[in-house]
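When a residue number appears, it is its place in the shown sequence, counting from 1. Only heavy atoms go into these numbers, but all of them, side chains included; no hydrogens, no water, no symmetry mates.
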Amino acid sequence: MRRNAVLLSTKQFVLCVLLIVGVQAVWAQERPAQHFDVVITNGHIIDGTGSPWYSGDVGVRDGKIAAIGNLTSAARTRTIDAGGKVVAPGFIDMLGQSELTILVDPRLPSKIYQGITTEITGEGGSAAPLNDAIIQADRTAFEHYHITPDWRTLREYFARLEKQGMGINLASYVGATQVRRMVLGDDDKQPTPEQLNQMKALVRQGMSDGAVGVSTALEYAPAPYAKTDELIALASEASKSGGIYATHMRTESDAVLDAIDEALRIGREAHIPVEIWHIKVAGKQNWGRMPEVVAKINTARAAGVDVSANTYAYPAWFNTFSAFIPQWAHDGGDAKLVERLKDPATRARIRKEMMTPSKDWDNEWLEIPGPESVLIGVVQNPKLLPLQGKTLAEIAKLWNKDPIDALCDLLIEDNAFTEVAVFGMSEPDVTLALQQPWVSIDNDSSGTSPEGLLGQEHPHPRAYGTFPRILRKYVREEHKLTLEDAIRKFSSLPAQRMRLTDRGVLKAGIWADVVVFDPATVHDVATFANPNQLSEGMEYVLVNGVPVIDQGKMTGAKPGKVLRGAGYVR
């Protein structure tokens, strides 16, 4: 009996083996071999970490990088032959300003032709929260872009983006200025404890809607009216949701070190990482002080403060022309500012303060060599369109006016909407900032296009050229950066800072934001005289695995995603 039992068990075993082999054979017939949507071949892979390039193929499936290696025999729907060109992670713009223009042209040509696949936006002001009072105060901007603001929260704004589609990924801060305006309007006053609690609740809502942190732009009214304690309170709310505090500091000129101290204090007391936007030392009297700024930040980092910065690496900034006017004159908003500019006695006071050195506000008038250093960029009044691209010196001569009077009268005619490029930095300072290992890259300009409504503006050339310009000027021509480090500053460094754990490097499992370009030829075309020119040299740009640039041409695809912060609640 025992022998038969053993024989029976042996038969059962053989039958089981045959059954397993048969099932595996059926599976092999039914399952296709490993298949990719796209395989990028023959490229020099610079993975974003700062490591030297290596050879290999990149396989993309379902919007993500599925494999890197020798994929010669792998099945695929499409092959992109990189032909010895660089294959790198898509570039991340640390301050993009596209929250409105992405609703005008969601393809964002100026961004994708630079290789930008992700933008972070929301500088102090953000797309939301919104109320009727803010919409009325900002109606000039909404009318300028022919936009009807049909959202009130960041959640609703993000839903609108997802419904329309977009050419790149986008994330946003909730602006401290925005929540202040929701509660206090544009007035120069301090919040009561109850009002501060309302502002904190709006930050919490913004974080649960998907904001990546809270931000300030402390040069532009009504933001300067906020005291440091107010900012600490708001940053503390963002910190609880894993957010970041990003800042256009209170000043970037004479008192720049004091402004850094304030940012560091907010970071320490709110227990939140600090990102300093477009780090600079502004004003001819401060040229050569970037080593002091670098030393202060290095000292803070050595002491354990989580602080970093970004730069667009041009010697001119771009901001609202009204920033030249003392901050008290902005109390109540743009309409009140225009009234004050029309009053002779008040204008005389404004002129006097513009001509007087002070560390109490960022006095741009005393930071520039002269009115020839201010270039008119964007106007809203159609009658002023011929002035775009002219300097303030040229306009003053054209109007036969003193430059300060020309400035004030232009603001009156344009309802304080005008934006300008201001040449107020030195090239050695710009270069030194760019070279710091903790400095990433920001475009600091909204996505735009040479065509249509957006093409009527005269933006800063950085809107079209920031990233390719760095590759041309600072990598290829001047050897101030290595190609690998430039790519790191474009990709893994900002991804790490923004906690984008599934982007910023080339690695299996990561979303397939990928660029292919020739480092010997990629270049910017936009100039201050003629800015509306797309950069050249990006052969392919993939966003979430879908080409938005294909063989150097825009496809019109809109595969971008809203990227939400750690505090997002579904």
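Listed by first and then second residue, the salt bridge (charged side-chain N to carboxylate O under 4.0 Å, His left out) pairs involving residues 482-493 are D485-R488 (not counting sequence neighbours). Among residues at least two apart or in separate chains, salt bridge (charged side-chain N to carboxylate O under 4.0 Å, His left out) pairs with a member in residues 504-533 are R472-D524, R503-D513. Residue pairs meeting the salt bridge (charged side-chain N to carboxylate O under 4.0 Å, His left out) criterion with at least one partner in residues 64-85, sequence neighbours excluded, are R78-D550. The ring-ring contact (aromatic ring centres under 6.0 Å, His included) analysis of residues 490-513, with sequence neighbours excluded, yields the pairs F91-F490, F467-F490. A ring-ring contact (aromatic ring centres under 6.0 Å, His included) check over residues 526-555, counting only residues at least two apart or in different chains, returns the pairs F423-F528, H460-F528. Note on residues 440-455: pairs passing salt bridge (charged side-chain N to carboxylate O under 4.0 Å, His left out), not counting sequence neighbours, are D444-R462.
Counting only distance, with no hydrogens or angles, the side chain of Q34 and the backbone of A74 share no donor-acceptor pair below 3.5 Å. Without hydrogens or angle criteria, T555 side chain to P547 main chain gives a donor-acceptor distance under 3.5 Å. For the pair T527 (side chain) and N530 (backbone), a donor-acceptor distance under 3.5 Å is present. A donor-acceptor contact shorter than 3.5 Å is absent between the side chain of S241 and the backbone of G243. For the pair R107 (side chain) and M554 (backbone), a donor-acceptor distance under 3.5 Å is absent. In this structure, T49 contributes its side chain and S51 its backbone to a donor-acceptor pair below 3.5 Å. A donor-acceptor pair under 3.5 Å links the side-chain atoms of S126 to the main chain of G175, judged by distance alone. Between the Q205 side chain and the A201 main chain, no donor and acceptor come within less than 3.5 Å of each other. Counting only distance, with no hydrogens or angles, the side chain of R497 and the backbone of M94 share no donor-acceptor pair below 3.5 Å. Y173 contributes no side-chain N or O that, together with a main-chain N or O of T216, makes up a donor-acceptor pair within less than 3.5 Å.
Of all heavy-atom pairs between G167 and I112, the closest is O-CG2, 4.2 Å. Smallest separation of non-hydrogen atoms from M290 and D429: CB-OD1, 3.2 Å. Across all their heavy atoms, V212 and A171 have their closest contact at CG1-CB, 3.9 Å. The heavy-atom pair separating V475 from A486 by the smallest distance is CG2-CB, 3.7 Å. Nearest heavy-atom pair, F517 versus G537, reported as atom, atom and distance to 0.1 Å: CB-O, 3.4 Å. Contact detail for P109 and T448: the closest heavy-atom pair is CD-O, 3.4 Å.
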Just do the side chain to side chain contact (heavy atoms under 4.5 Å, CB included) check on L506 and V87 with the steps written out, would you? CA-CA 9 Å; L506 296 184; V87 180; 4.0 Å; yes
Could you walk me through whether D93 and K111 satisfy the salt bridge (charged side-chain N to carboxylate O under 4.0 Å, His left out) test, starting with their C-alpha distance in whole Å, then the side-chain angles of each, then the deciding distance to 0.1 Å, before giving a yes or no? CA-CA 9 Å; D93 180 355; K111 300 277 180 174; 2.6 Å; yes
With side chain to side chain contact (heavy atoms under 4.5 Å, CB included) as the test, would you mind laying out the steps for M199 and M182 before giving the verdict? CA-CA 8 Å; M199 294 162 65; M182 287 284 291; over 6 Å; no
Walk me through it: do H479 and Y474 pass the test ring-ring contact (aromatic ring centres under 6.0 Å, His included)? CA-CA 6 Å; H479 308 291; Y474 295 102; over 10 Å; no
Given the rule in the side chain to side chain contact (heavy atoms under 4.5 Å, CB included) test, do D105 and L453 qualify, once you have shown the distances and angles that lead to the verdict? CA-CA 9 Å; D105 187 345; L453 172 64; over 6 Å; no
Any chance you could lay out the side chain to side chain contact (heavy atoms under 4.5 Å, CB included) test for I80 and V39, step after step, and finish with the verdict? CA-CA 6 Å; I80 292 177; V39 175; over 6 Å; no
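Ring centers of H44 and Y54: at least 6.0 Å apart, outside the cut-off.
The side-chain tip of R469 points at the ring of Y314 from less than 6.0 angstrom away and within 45° of straight on.
Atom NZ of K480 has 12 or fewer neighbouring heavy atoms from other residues, nucleotides or ligands inside a 6.0 Å radius.
Between the side chains of D47 and W53, not a single donor N or O lies within less than 3.5 Å of an accepting N or O. H523 and E477 are not linked by any side-chain donor-acceptor pair at a separation below 3.5 angstrom, with hydrogens and angles left out of the test. Of the N and O atoms on the side chains of E119 and S98, at least one donor lies less than 3.5 Å from an acceptor on the other residue. There is no side-chain donor-acceptor pair under 3.5 Å between E123 and S215. Between the side chains of S308 and E275, at least one donor N or O lies within less than 3.5 Å of an accepting N or O. Looking at T466 and N443, their side chains do bring a donor and an acceptor atom within 3.5 Å of each other. Side-chain contact, N70 with T72: a donor N or O sits under 3.5 Å from an acceptor N or O. A donor and an acceptor atom, one from each side chain of Q114 and S110, are nowhere located under 3.5 Å apart.
Comment: E162 engages R564 in a salt bridge, judged by a side-chain N to carboxylate O separation of less than 4.0 angstrom.
At a threshold of 4.5 Å between non-hydrogen side-chain atoms, the residues P129 and V174 count as touching.
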